[in-house]
Every structure is written in C-alpha cells, then in structure tokens.
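Here the structure is a predicted model, which is why all the values come from computation and not from measurement.
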Amino acid sequence: MLHRRICVFAWCVLLSGVVSAQADQLFEQGVEAFRRGDNAGAISAFKEALASNPGHEDAFAMLDQVEERVLLEMLVERGELGQLAERFLNLAELGRREVVSDPGQASEVVDRLLNGDEVDRQRALLELRATFGAWAVPALVGPLGDSSSLDNRVMAIQALNHLGSDAVLPLIQVLRSDDILTRRNAAAVLGSLGDPRGAAGLAHMAAHDDDDVARQVAANALGRLGLGGIDASGAAIDLAARYFRGDPAVVRPYEATSVLWRWQDGELEGRQVLGGLFALELAEDFALIGLGGGGSDEARALLSAIHAAQKAEVLAAQQIEELSDNELLEAAAERLGDLDLDLGLAGSHRGRGLMFCLGADPRREAAAAVLMQHMGGSNEELSALRTALSDPDPSVSQGAAVALARLGEADIGVVEQLGTALAGVPQRLVVSIGETGLFGGGGGWYLLSSSGVQAGLQRAKAFPPKDAIVIQDGLQGVTLDAMVFALKEDPRTADVPLIVVTNDVAGVQNLYGDTVERVLSSASFADVAEVAGERNLQQRAAIERAKLAAHQLASLDAGLARQAGRHVNEALQSAADDGVVAAVLGLVARTGMLEAQPSVDALVANDAAPSEVRVAAMQAAARLWAVSGGPSSGDLSGALMAALDSGDDDLAHAAAQALGQLRGLPAGAIRDAVR
C-alpha cells in the first residue's frame, strides 16, 4: 500500500502529450533530495520546476511518480517545502477538473478496455485511473453486472481494483443496485480494496439483502476488512462520527475530491459540493442510516452536531469574497432554512451534540457556536451549556453565556463571561515607520510606531500579523525602494496593505502602481481603515459575540448586570469597534451603571466620535445624570449645545435629553437652546 501510486493526481500522457522534460527532471531531483533528507535541495529543485511553468497535465505526470507515503510526508512538512508540494497538487487538481468536466468520455475508454487488444487494455486501465478516477465508475457499472459476458465482468472488476480508493465512494452507492450480480460484484470489490469507508454499506447488505449469495459476499467482504459480524446501524454511526471528526482514515485529506455519489433511477450520479461540506454531507448520510437502523439517540445527537457544522461552514463561506458568485455555495445556502428546522427538531439531543462538537479532534468551535444559538432549556442542554461555560475558547464559553442568559439561567459566572465578551474585541494593528501623520490611536486601532527603519521593519514582521503598514519616504540611510522590497518580498508582510507617505505623491504613485495600496502626503486612521478593509472572520465573530453579550446583559436584572461594570468600562475605553461601543452604551443606559459615568462623559465630549457612538453616549448620559445629578467632571453643556445645532436629528434629540438632565444650567442657555 505504501508504494501504491497516488491515483487522484495521476499521469495523463495519453491525452496531454509529452511532459516538459526539464520540469519532469527537476521534479524527480526534488523528490530524490527529499528522500535523502536534503530539504534545501528539494525546495530549490521544486522552485525551478515550477518556474518552467508546467501545465496541469504535466503536474499529473510528475505527481504520478511519487509514492503516496512520500507525498504525504512532503505535505506535512512545515514551511516552504509543504507549500511547494501543495502548489503541485493544486496544479494537478485544476487539470483533473478540466478533464472530468465531461465524464462521459470515460465510456469511450471503457469500450477500449472491453474490446481492445492487450496493449489497448493496459492503456485503458492506466487512462481510467489517471484521468477519470472516481468518474470512471459509472461507465464500469454496466460491465460489472453484465450477465452475458464473464470477460466484461472480469475486466470491470480489474479496472475498479486498479482505481483503488477512488472507486470506494461510488461503489458504496452501487450496492443499492436492483441487479443482483452488480451488487455482488460491487461488494466483492469493496472487500478486496480493504477500505473502512465501505463498512456500513457492506454491513447493511450482509444483514438485509434479499439475495442469500449477496449477503454472504458482503459478509465475506466485511471479514476482509476485519469487521465480521459488525452491526449495520453501529457501523453507520461510527462512520458518521469519523467523518464528522475528520478522521484521515476516511476523510483522506490528501485527496482533493468533493464529489458525492448517489444511486438514482438505476444509475450512478456524481454531484460536486463545496469542499468544506464534503465530509459533513457524508457524515449526515451515514448518521441518517444509523438513525433508520435503530440507533436513535446517538444518531440524533450526532446529526445535530453535523447540521450545526454544515450551517457554520456555509455562513463562513459566505463571508469570503472570492466565493461570492460560487454556484456550489449558492446551492449550499439554499439548505440554510432546512438546517434551522433540523436543529429545531433535534430537541434535547442538542446537548450531547454540543459535546460532540467540543470533543472532536480537531474541535468544531464554529459548529458549537451555531448549536448554542439553537439551545432550548432541557436539562441535557443546560448541563452541556454549563460545561461549555468554562471552556478555554472564548467563542465557546461566551457563546454558552449568551445562551444561558437568553434562557433565563444567568448567574455571576454567566455575567462574568458576558462581561469578558464586551471587552474581548481585539484592536487592529498598524505599524508606522517614520513621520507618517499617525499618532495615538483611533477607532479600534493600536499603533506600533518607530522612527527607525530597522526597528520598524522588525515590528512589522513580528507576530501577530498586522492589518496595515505605513512608511515614510526619505528616511535617512535607506531608499523607499529598499523598504518596499523588504516588506513585499517577505511572506509575513507580502499581503499586508501598504501606505507610503511622501512629498512626491504623483511620482511615487507612478513608480509603484498597484504594489502599494495608497500614496499620501500624510496618513490618518481613516486612510488606514480604508486600505485594511474588513476585519477577518475571527475578529468579526468576536464583535458579534460582544454585541450579543451587551444585549443579553441589558435583558438581565439591573443589579446582576452591574456586576459586569469593570468590563463595561474597559469596553468603552478601548473603543475597538463603534458598534460594540454603542451596544455597551445602550447597556449602561438600560441598567443605570454609574461606575461607567466617567467613560460615558468622555464620549459625550468627544466630537470626533462617530454619530452612532455620540448618540448612544448622550442617551446613556441622560440616564446616569438623572441619578447622579450631572457629569462626573467638567462642563459638557457646550458640547451638547453644539450637537443640538448640528443638523443631525438623532444627535440633536439625544443632546436635548442629556441637556434636560443638566441641573443648574443657566436659564439663558435653555432659552437659546429652545430658540
């Protein structure tokens, strides 16, 4: 098995012609260097091979030379070597997609397999494996059950065995065929392939097939898998759990496939799905089989976790700009309504489903977060949420706190987690090198500045990754070209948006074009925010958790909610996201949280704050001043009078509410405000 050639990205010489001799030779040199332990030599050779611009089918040919074990070892290598191996795989997969876009071509190759001479047959076997992989199976189903020709059946069995692991998933569906001979032979091939993914289908056939011989063939195949006598329902649930966990023995992460197979109206049909949903849809299929076989409680709990993971995958994919027009994503999104219904029907089984999410390896925190949004108040669910409340991952512990508060189960532990969520929105990082116009901080930005080039570049490249970099042209001892090159050629900063501050805006813009995102005479945090674009998915998730936490705290008893006062002040002072600050100010207004008054007063006075924040601050101030008698320090009447005359109706109304609570305000000021 270790020396079996990987068939997903195999050789396509018969269709594509002669592979580039130079690229082929360099690739072989790289593999040999890797086998000797010379990673540096392997990297150098692979780079040269890629530099020769090999085609997709060339990549097929090169990767067909690599044993599966060696390829996997290269993929798991850290750093540049693993990235280069992945680039070859991506090239090969692009070529494979081009070839199988018309899978009907496989029938022509199967015809040569059945009717050609020995040379034609050997070439056909190679071509079916190299070019079509799993897409060859539909063309082999007919010969597999051809009762009129033993030769055809033998050649079909030989071809399916030659396809190896590619044949397994479609063959599992072939077990549903109405033709007895087809079912028997499909089961026999699955047994000879020895793939654990066939266990559930074979177990079901061994227990329930109408044909005695078919049941025996399936039982024998299970025996070859080392699973003789296994329960069909248990086998299905076990496979579902393994797919959900991402077990490499069944998911096969090195096989870039996302095709699901169905036996429909007497034919085998393939359907491509969004890559992240591939294993989850298989998990769902097997869990449903297990549910039908009697394993109801475990299967329903597992299904709730699977459905939550599917929803999380679709929602995350919808946030990726590159997938905005993806047809597979659009098809997956159509299921969101049904997934919500499925999650609702799961009932108390959602509790155990949450434990499935958190017990997976790797864990499925995004699925757990989705599942907690659907939680009800059963004992099983509340127990699971209490367990999740102490989870080390904030997305889990804070999600559990939001769910418990929503269900009326809040206590001091829940309030503490909700408070932590308020202040848990990370500030974005910008590095400034030289005199760029940036100072202090603003709008959720944390500034790392340096007047020296060397220290500035070190800061820019150090972990964690930066959201933007701003550099000054004309720093002593270094050219702008040298700084731009140092940032754009380093993988740690190559994709970070870059702003150049210079006295020669037009000249620098003409020189660098799209290499830098912006050329300015002086930079502001608004410029930085514009080039940096949206926050990443994790940061956006933290923002949504903070808003939910503010909403749930506001719905609690005011005395209990005030226990989060320390976190409220921290959130108001850090101002990592304007929407979060506005939500926290709403919480302050709802609960009359006097300990937050200094922070609220500072926001009222800040005429540079966004309108959304100032309105919420004035509304919160009106509530607090009604109790305390006025601002904590200073005279804010001038700022409020200016807001009253700003032309912004929302701001004016909020200012009027706050002014109405300013005791001791001179009558003349009130008269002028009314006028």
Quiz item: Does Phe244 have Arg364 sitting over its ring (NZ/CZ under 6.0 Å from centre, angle to axis within 45°)?
Solution: yes

Do [X] and [Y] have side-chain atoms, one donor and one acceptor, less than 3.5 Å apart?
X	Y	value
Asn569	Ser599	yes
Glu380	His349	no
Thr493	Asp490	no
Asp393	Ser395	yes

Quiz prompt | Between CG on residue Leu553 and CG on residue Leu560, distance to nearest 0.5 Å | solution = 8.0 Å

Quiz item: Which value, rounded to the nearest 0.5 Å, describes the distance between Leu548 atom CG and Gln373 atom CD?
Solution: 7.0 Å

Practice problem: Give the minimum heavy-atom separation between His374 and Glu381, together with the two atoms involved. | Solution: O-OE2, 4.5 Å

[X] side-chain N/O to [Y] backbone N/O, donor-acceptor pair under 3.5 Å:
X	Y	result
Lys461	Arg459	no
Arg350	Gly344	yes
Asp645	Ala642	no
Glu517	Leu498	yes
Thr387	Ser383	yes
Arg535	Ala542	no

Exercise. Using the test ring pair (Phe, Tyr, Trp, His ring centres under 6.0 Å), find all partners of Phe356 that sit at least two apart in sequence or belong to another chain.
Key: none

Practice problem: Not counting sequence neighbours, which residues clear side chain to side chain contact (heavy atoms under 4.5 Å, CB included) with Ala312? List them please. | Solution: Ala366, Val370

Quiz item: Which pairs, with at least one residue in residues 585-611 and sequence neighbours excluded, count as a salt bridge (Lys or Arg N to Asp or Glu O under 4.0 Å)?
Solution: none

Practice problem: Can you establish whether the number of heavy atoms outside Asn510 located under 6.0 Å from its atom CG is more than 12? | Solution: yes

Exercise. Return yes when atom CD of Gln454 has more than 12 non-hydrogen atoms of other residues, nucleotides or ligands closer than 6.0 Å, and no otherwise.
Key: no

Practice problem: Check the pair Gln619, Gln657 against side chain to side chain donor-acceptor pair (under 3.5 Å), reporting the backbone distance first and the verdict last. | Solution: CA-CA 7 Å; Gln619 291 171 341; Gln657 289 179 345; 4.6 Å; no

